[in-house]
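Below: one structure, written as structure tokens.
Note on naming: letters A, B, ... go to the chains in the order of the sequence lines (proteins, then strands), and numbering restarts at 1 for each one. Computed over heavy atoms, backbone and side chain alike; hydrogens, waters and symmetry mates excluded.
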Protein chains: 2
Amino acid sequence: MAVASSVHDAVRLRLAGADQRYTTQRRRLVEILGRSGRPITMPEILEAATGLTQSSAYRNITVLSEVGVVERIAGPDDYGRFELAEAFAGHHHHLVCEECGTVEDLRASPNLERVLGELTRLAAAEQGYVVTEHRLELRGRCAACAGN
Amino acid sequence: MAVASSVHDAVRLRLAGADQRYTTQRRRLVEILGRSGRPITMPEILEAATGLTQSSAYRNITVLSEVGVVERIAGPDDYGRFELAEAFAGHHHHLVCEECGTVEDLRASPNLERVLGELTRLAAAEQGYVVTEHRLELRGRCAACAGN
DNA sequence: CTTTCTGCAAACGATTTGCAGCAGC
DNA sequence: GCTGCTGCAAATCGTTTGCAGAAAG
């Protein structure tokens, strides 16, 4: 399943706004992240596409982060995980397998999200917080590991 | 506010179960983490108590993690953050300030917890996960930074 | 006393960066 | 063509580890 060209257009636009170019390598990164459907590590990114240099991949991930196209999250191990930002991948949460370390996406129903958003805003307000985003992390065993 | 001696007793017990000793330095770490009321970085830990060596502090944090007394979470920057595990600090969530990077604790209302429980059940059902724990991360501006 | 800690200094590994040549616009 | 990107190799920095002396039980 390829990434929609509208996504590429939007990315190009964001990059242009920061005087950045949408190069072959950056396009490939967006493709890989968009296809994976879950946050992936740098080793996984490099494995998914030959021809990417590690240092340049890091540099480009950084640039894409700065223009709000990519988000970096911290996994259970030493590796950072990268995914398309919510504006491109949609709002979702994460399931972290404590056994194999994989991180999966989870989409919640609009109903639950609405209640969640409201309650979090309320709770945080008690401590003077202005909440801009919420992210839920569920830890446990993924289907594959729970079967063992 | 000092850490209750019952906590120290429980920690000593857990350590003893792994053939580990409850040394002065480990006790001091538990004190610091227990008093902070929020996850703190290694620099903050070392600043909070003179006489702690960095390498030993890391080693002891690792040991305390292994026996389930300390938990390590990833903050917005390069530093890991450490806190007492839920068994000692109670169930709570995190507020991450996008401006200053500080991480605060947030205790949720029963209402909010109920919604989280529902999301958890949903995840388990849809993707075959066995969820053991949930953690909510709210991003935004802390009271100090929102005032600016 | 024995085993586990501690401190020091050196090692590690993910990520970053300087520099010279290449590619987008 | 100018400017910004790429690849390479070296640097950075939080964290880990080896080893010899100190402390817990």
* Structure fact -> note: B/Met42, atom CE; D/dC13, atom C1'; distance rounded to Å ~ 14 Å

* Asked: Taking atom CD of A/Glu86 as the centre, does the number of heavy atoms from other residues, nucleotides or ligands within less than 6.0 Å exceed 12?
  -> yes

* Hey, could you give me the CZ/CG distance between A/Arg26 and A/Leu15, rounded to the nearest 0.5 Å? => 6.0 Å

What pairs of nitrogen or oxygen atoms, one from the protein and one from nucleotides 23-25 of chain C, lie under 3.5 Å apart?
residue, atom, partner, partner atom, Å
C/dG24, OP1, A/Thr24, OG1, 3.4
C/dG24, N2, A/Arg21, NH2, 3.0
C/dG24, N3, A/Arg21, NH1, 3.4
C/dC25, OP1, A/Arg12, NH1, 3.3
C/dC25, OP1, A/Tyr22, N, 3.4

* **In one Ile/Leu/Val/Met/Phe/Trp/Tyr side-chain cluster, 4.5 Å: A/Val30, A/Leu52** => yes

* When we call it a touch if two heavy atoms are under 4.0 Å apart, what does A/Gln54 touch: a base, just sugar-phosphate, or nothing? -> base

* Any side-chain donor-acceptor pair under 3.5 Å between B/Glu83 and B/His94? -> yes

* **Nucleotide C/dT15, atom P - distance to CD1 of A/Ile73 in whole Å** => 13 Å

Report all interatomic pairs (protein N or O, nucleotide N or O of nucleotides 17-22 of chain D) with separations under 3.5 Å.
residue, atom, partner, partner atom, Å
D/dG18, O6, B/Arg59, NH1, 3.4
D/dG18, O6, B/Arg59, NH2, 3.2

* Please check the phosphate of C/dT6 (OP1 and OP2 only) for any side-chain N or O of B/Asn60 closer than 4.0 Å. => yes

* Quickly work out the B/Leu15 CG to C/dT4 C1' distance and round it to whole Å. => 12 Å

* Inspect the surroundings of CG in A/Asp77 and state if more than 12 heavy atoms from other residues, nucleotides or ligands are less than 6.0 Å away. => yes

* What is the distance from atom CG of A/Leu95 to atom CG of A/Leu106, rounded to the nearest 0.5 Å? -> 5.0 Å

* Nearest-angstrom distance from the residue atom CD1 of A/Ile61 to P of D/dC5 -> 15 Å

* Euclidean distance, atom CD of residue A/Glu66 to atom P of D/dG4 [Å, nearest integer] -> 14 Å

* Let me know, please, whether A/Asp19 or B/Gly80 comes out on the 5' side of the other along DNA chain D by nearest nucleotide. => A/Asp19

* Asked: Rounded to the nearest Å, what distance is computed from the OH atom of residue A/Tyr79 to the C1' atom of nucleotide C/dC12?
  -> 12 Å

* Check the distance between C/dT15's C1' and A/Phe82's CZ and give it to me in whole angstrom. => 9 Å

* Could you label the plane-to-plane angle of the A/His93 and A/His134 rings as parallel, tilted or perpendicular, counting under 30° as parallel and over 60° as perpendicular? => parallel

* Which is true for B/Arg27 with a 4.0 Å heavy-atom rule: it touches a base, it touches only sugar-phosphate, or it touches nothing? -> nothing

* To do: Ignoring backbone atoms, establish whether B/Gln25 has a side-chain N or O less than 4.0 Å from OP1 or OP2 of C/dC5.
  => no

* Nearest-angstrom distance from the residue atom CD1 of B/Ile45 to C1' of D/dT15 -> 13 Å

* To do: Applying salt bridge (charged side-chain N to carboxylate O under 4.0 Å, His left out) between A/Glu31 and each of A/Arg35, A/Arg28, A/Arg27, report the one that passes.
  => A/Arg35

* To do: Can you figure out which of D/dT16, C/dT15, D/dC5 approaches the side chain of B/Arg72 most closely?
  => D/dT16

* Asked: Is B/Arg14 close to B/Phe88 at the side-chain level, that is, under 4.5 Å between some pair of heavy atoms?
  -> yes

